[in-house]
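Here is the structure we will look at, set down as structure tokens.
Computed over heavy atoms, backbone and side chain alike; hydrogens, waters and symmetry mates excluded.
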Amino acid sequence: MAALSKAFGASLPHNCYEVGHTWHPSCGVAFLQITGGALEESLKIYAPLYLIAAILRKRKLDYYLHKLVPEILQSASFLTANGALYMAFFCILRKILGKFYSWSPGFGAALPASYVAILIERKSRRGLLTIYMANLATETLFRMCVARGIITTIRNGEVLLFCITAAMYMFFFRRKPAKPQGKNHMLKHHLFLKLCKDGLKGFAFSALRFIVGKEEIPTHSYSPEAAYAKVEQKTEKHDEKPRRMNLIALIRKLVDSICKHGPRHRCCKHYEDNCISYCIKGFVRMFSVGYLIQCCLRIPSAFRHLFTQPSRLLSLFYNKENFQLGAFLGSFVSIYKGTSCFLRWVRNLDDELHAIIAGFLAGVSMMFYKSTTISMYLASKLVETMYFKGIETGKVPYFPHADTIIYSISTAICFQAAVMEVQTLRPSYWKFLLRLTKGKFAVMNRKVLDVFGTSASKHFQDFVPRLDPRYTTVTPELPVELS
């Protein structure tokens, strides 16, 4: 055991009751309590989530009768196992090792627990969970390095990361499927272009098409002749009807005159608008979408206080965050479209490489709505996209079960932070862990873990567990020393 202590570093002689499940001395009872609470919360999370998803996807009756409940139970079992098995391995590791080491209460216990848990979840969801946890773990490691002085933070670093990510995403979005036309064709020699020769696919492509518009896709089948024909038909219909010169008609006439007249480059595919109105319309549309999204997110909390504080309903519409998200999305689209039009005018051609410049400049819009979470998540998805494109082209090896391994390691890193230095963990994930364990994650005895030098009890200074001395190995009054 002495050799083991030297190999693993400093250790604590406390048992799992003194450090982990301080609310009950029995490991079995603590495990059952964590399991029950986690199962209850998991069902509360996944039942409405799957039901809403089924409604939005317009599932048929057969899905509701035969698949909905099993899928809910499977995902709930995965989340329950993640929390419950962590508690089990927490105690098992302590009994095997005989002591606690700096890595064992967090990383050591969470690694096998999360690996077993992810195997319970459906394969179709493992990739999404892996990306989320890898993103969270990367952010946590970054904060750990900053806390130790290893890395110095860059001002507006999340905005810079978003600019780079947006540039690459927009390039993939604009990338046309192409085939090599000869020996010296660029695609044959340029690995980067070869990796992204097929552009984006699936949800990412659909999301960007909704945000930016199909006019920026070089392969879309929107001809100028058809567009002008539609405009002429609309004009003829308006001429046949008796016109009422009310306010709405005047505004519509003004907008139509701005859209029909004005500069538009021959390479621009927004045939119904000129370049100026094209950018303005893009801003207005996505500003409205961002504003409405933020309003919808605030509806549950606003209606919770409907009868007690009716004045809070006004904050639903007049809230700073509503306008910030709207300004972020609106300015992103308008800057991207404006830059693309400008480059078409300057270079007199429509080049997919314009998307890199336009996407980078559009990323500056995150100054209105700074979010490390969004930047890190999109960057993680970009890495995933590049990796799978590399697999498709045979330039990157495929690692079987990589998603389960990455998920396990990422989750273990986050649990290590939750135990040893919760100040480096994303607040939303810490709240999620508290919810999943019914608050029991906050009642660990982190004061005895302070000796490892991570300021484990920094946010728990007022908490002192009431331990039964009959089940303790170290007298609480005595100072804790590393062995």
Side-chain angles (χ1 to χ4, degrees), residues 159-224 263-271 273-276 278-279 282-283 286 329 331-367 375 378-390 392-393 395-396:
V159 178
L160 178 60
L161 178 61
F162 181 71
C163 289
I164 297 171
T165 306
M168 301 311 302
Y169 265 118
M170 300 317 299
F171 176 74
F172 289 149
F173 179 67
R174 284 291 311 275
R175 189 80 182 131
K176 292 187 291 186
K179 293 181 180 179
Q181 297 175 354
K183 270 188 176 181
N184 297 323
H185 194 269
M186 186 181 293
L187 286 174
K188 279 203 165 187
H189 299 286
H190 204 306
L191 174 60
F192 174 73
L193 292 179
K194 197 169 184 179
L195 287 176
C196 54
K197 65 179 181 180
D198 295 325
L200 286 179
K201 298 177 182 177
F203 176 76
F205 178 81
S206 301
L208 286 176
R209 183 175 60 182
F210 171 77
I211 294 170
V212 178
K214 62 182 180 180
E215 294 86 2
E216 295 298 330
I217 308 173
T219 55
H220 84 86
S221 59
Y222 199 56
S223 63
R264 182 183 67 80
H265 195 271
R266 62 178 181 81
C267 295
C268 293
K269 295 179 175 63
H270 45 88
Y271 304 112
D273 302 316
N274 61 61
C275 293
I276 298 173
Y278 175 59
C279 298
F283 176 84
M286 289 313 300
L329 293 177
S331 59
F332 179 87
V333 173
S334 59
I335 293 173
Y336 178 80
K337 290 183 174 182
T339 306
S340 298
C341 289
F342 174 76
L343 291 173
R344 284 190 281 261
W345 278 93
V346 172
R347 299 189 66 204
N348 200 29
L349 56 88
D350 187 21
D351 192 347
E352 60 195 19
L353 293 176
H354 292 171
I356 296 179
I357 301 172
F360 186 87
L361 293 177
V364 179
S365 60
M366 182 168 267
M367 293 294 292
S375 297
L378 292 177
S380 302
K381 290 295 291 182
L382 179 63
V383 172
E384 180 197 33
T385 301
M386 290 291 292
Y387 173 67
F388 282 113
K389 286 185 181 297
E392 289 175 4
T393 56
K395 299 297 179 180
V396 177

- Item | From CZ (Phe172) to CG (Leu382), nearest 0.5 Å | 6.0 Å

- Yes or no on side chain to side chain contact (heavy atoms under 4.5 Å, CB included) for His354 and Arg347, after CA distance, side-chain angles and deciding distance? CA-CA 10 Å; His354 292 171; Arg347 299 189 66 204; 3.1 Å; yes

- Message: For Val159, give me all partners under side chain to side chain contact (heavy atoms under 4.5 Å, CB included), at least two apart in sequence or on another chain.
- Response: Asn156, Cys163, Met366, Met367, Lys370

- Query: Where the side chain of Tyr169 meets the backbone of Leu378, is there a donor-acceptor pair that is under 3.5 Å apart?
  - Reply: yes

- With rounding to the nearest 0.5 Å, note down the distance linking CZ in Arg174 to CG in Asp351. 7.5 Å

- Task: Please name all residues satisfying ring-ring contact (aromatic ring centres under 6.0 Å, His included) with Phe342, sequence neighbours left out, ordered by chain then number.
- Result: none

- Message: Could you work out, with side chain to side chain contact (heavy atoms under 4.5 Å, CB included) as the rule, every residue matching Leu161, not counting sequence neighbours?
- Response: Thr165, Ser375, Met376, Ala379

- Shortest non-hydrogen separation from Cys275 to Trp345 and the atoms involved: SG-NE1, 3.4 Å

- Query: Got a sec, which residues hit side-chain hydrogen bond (donor to acceptor under 3.5 Å, both in side chains) with Arg209, two or more places apart in sequence or on another chain?
  - Reply: none

- Task: Report the residues that fulfil side chain to side chain contact (heavy atoms under 4.5 Å, CB included) with Ile335, sequence neighbours left out, ordered by chain and then residue number.
- Result: Ser331, Thr339, Leu361, Ala362

- Let me see the working for Met168 and Thr385 under side chain to side chain contact (heavy atoms under 4.5 Å, CB included), right down to the final yes or no. CA-CA 11 Å; Met168 301 311 302; Thr385 301; over 6 Å; no

- Query: About how many Å separate OH of Tyr336 and SG of Cys341, when rounded to the nearest 0.5 Å?
  - Reply: 10.0 Å

- salt bridge (charged side-chain N to carboxylate O under 4.0 Å, His left out): which pairs involve residues 334-346, sequence neighbours left out? Glu216-Arg344, Arg344-Asp350

- Euclidean distance, Leu343 CG relative to Leu353 CG, rounded to 0.5 Å: 10.5 Å

- Task: Apply the test side chain to side chain contact (heavy atoms under 4.5 Å, CB included) to residues Phe332 and Met286: give CA-CA distance (whole Å), side-chain angles for both, the deciding distance (0.1 Å), then the verdict.
- Result: CA-CA 9 Å; Phe332 179 87; Met286 289 313 300; over 6 Å; no

- Note on the structure: Residues at least two apart in sequence or cross-chain that pass side chain to side chain contact (heavy atoms under 4.5 Å, CB included) with Tyr387, listed by chain then number, are Ile391, Val396, Tyr398, Phe399

- Task: For the pair Val333 and Phe283, evaluate side chain to side chain contact (heavy atoms under 4.5 Å, CB included) and give the outcome as yes or no after the intermediate values.
- Result: CA-CA 6 Å; Val333 173; Phe283 176 84; over 6 Å; no

